[in-house]
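Notes follow once the structure below has been shown.
Values below: every heavy atom of this structure, side chains too, minus hydrogens, waters and symmetry copies. Lettering of chains follows the sequences in order, A, B, ..., and the numbering in each one begins at 1. Here the structure is a predicted model, which means the values were calculated and not measured.
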2 protein chains.
Amino acid sequence: MTEEQEVFYQHIQKKGLKRTAQRDLILDVFLDTEGHMSGEDLYRLVSEKDPTVGQTTVYRTLRLLTDAGLAREVRFGDGRAHYEHNYKHQHHDHMICSDCGKIIEFYSPELEALQDAMAAKYKFELTSHLLRMIGICADCRRKARDQKRATEKGVTVGSTVSASGRG
Amino acid sequence: MTEEQEVFYQHIQKKGLKRTAQRDLILDVFLDTEGHMSGEDLYRLVSEKDPTVGQTTVYRTLRLLTDAGLAREVRFGDGRAHYEHNYKHQHHDHMICSDCGKIIEFYSPELEALQDAMAAKYKFELTSHLLRMIGICADCRRKARDQKRATEKGVTVGSTVSASGRG
DNA sequence: CTCAATGCAAAGTATTTGCACGCTC
DNA sequence: GAGCGTGCAAATACTTTGCATTGAG
């Protein structure tokens, strides 16, 4: 029995809820999956192990996991909710590559402190926060650079130099 | 003709698109509205002035405004897209009161700088970013405090003090 | 006259809800 | 055995798409 599972069962008992095979399975799959997953993702993964589990149950259990403090809901702005491990996982923020979709997790105590300071300035009691940085990751930048170099070599007649860039 | 309108028409001409009464109206309503609005909100506002305009057109025009640099899409995590003025409006971040829904806009050059530094550390080329701070605003904190004080004083036999709240 | 724009209705996407039955405590 | 939990299908909420018609350039 992992620590997470204990947390889950304690939460369930405390709330007068019941332990079921579906919840066990969903928790297992959640714990076995690194990184972020949407409700849909988890449903798909669970279905592979037991196709009889309904999506309703997955969504409801995901909320249960969040209540229990095992999962954290993150929204990246694509309209769907994503979940990530929250138990004994330090808070972190995300850099999202708009090219390849890769997500880099990072943590900056300075950023956290500065946000606390801003909140204090507005007498705002901070509950949580979400920082999402969108851009191009190192890999995709390298690829773009290589591609550009190849183009520049090949195209001698290269008259039209379109303004790229983005602000 | 405002500056924004000029920007819009120039964008339209540059792209070989057409100026229509609907787009004019939608732009006007958008410019007249302060703060954030969702696609739906704008559709409702436009409908008041001209009920024949379809929601499709509103959504499409909103994207057009974004392309033209007049609007900025912001997502607060409720699943719908919100838009705010972007032309000659400094970038800013948001504090969202989870009690009353109020949105406080703020700007912190230190935060921006720190984010740039974090991006550089990961060789990440930053395109844009979104910082959302969720908590309780000063007003709601005061209300909660007052209510708590009243409860502590008044309720000796403390029978039915229904928890109100949630707006 | 051509191609973009419009508006309706239908489809799509992600998630939630009503309800009858089943299972845990 | 009581009541929570489940799964199905339908509902929801917001947004997008197909298509025939309208209208700007």
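In this structure, Pro51(A) and Leu64(A) both approach DNA chain D, and ranking their closest nucleotides by distance from the 5' end singles out Leu64(A).
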Trace of the side-chain hydrogen bond (donor to acceptor under 3.5 Å, both in side chains) decision for Ser38(A) with Glu40(A): CA-CA 5 Å; Ser38(A) 64; Glu40(A) 262 195 308; 4.8 Å; no

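Other residues sharing the hydrophobic cluster of Phe124(A), ordered by chain and number and joined by side-chain separations under 4.5 Å: Met95(A), Ile104(A), Phe106(A), Leu111(A), Leu114(A), Met118(A), Tyr122(A), Leu126(A), Leu131(A), Met133(A), Met95(B), Ile104(B), Phe106(B), Leu111(B), Leu114(B), Met118(B), Tyr122(B), Phe124(B), Leu126(B), Leu131(B), Met133(B).
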Do nucleotides 9-19 of chain C as a string where each nucleotide becomes B, S or -: B if the base has a protein heavy atom under 4.0 Å, S if just the sugar-phosphate does, - if no protein is that close. B----SBBB--

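Checking side-chain atoms of Arg19(A) against main-chain N and O of Gln13(A) turns up no donor-acceptor pair under 3.5 Å. The backbone N or O of Arg132(A) sits nowhere less than 3.5 Å from a side-chain atom of Arg132(B) that would complete a donor-acceptor pair.
Separating the CG atom of Asp50(B) from the P atom of dA5(C) is a distance of 18 Å, rounded to the nearest angstrom. Rounded to whole angstrom, the span from the CG atom of Asp67(A) across to the P atom of dC4(D) amounts to 16 Å.
Aromatic ring orientation, His91(A) versus Tyr107(A): perpendicular (interplanar angle above 60°, classes split at 30° and 60°).
The ring pair (Phe, Tyr, Trp, His ring centres under 6.0 Å) with His36(B) is formed by just one residue from the set His82(B), His89(B), His85(B), His94(B); it is His94(B).
Clustering ILVMFWY residues whenever any of their side-chain heavy atoms sit less than 4.5 angstrom apart, transitively, puts Leu27(A) in a cluster other than the one holding Tyr59(A).
Less than 4.0 Å separates DNA chain D from at least one heavy atom of each of the following residues of residues 1-37 of chain B: Lys18(B), Arg19(B).
Between Lys143(B) and Asp146(B), no side-chain nitrogen of the basic residue sits less than 4.0 Å from a carboxylate oxygen of the acidic one, so the salt-bridge criterion is not met.
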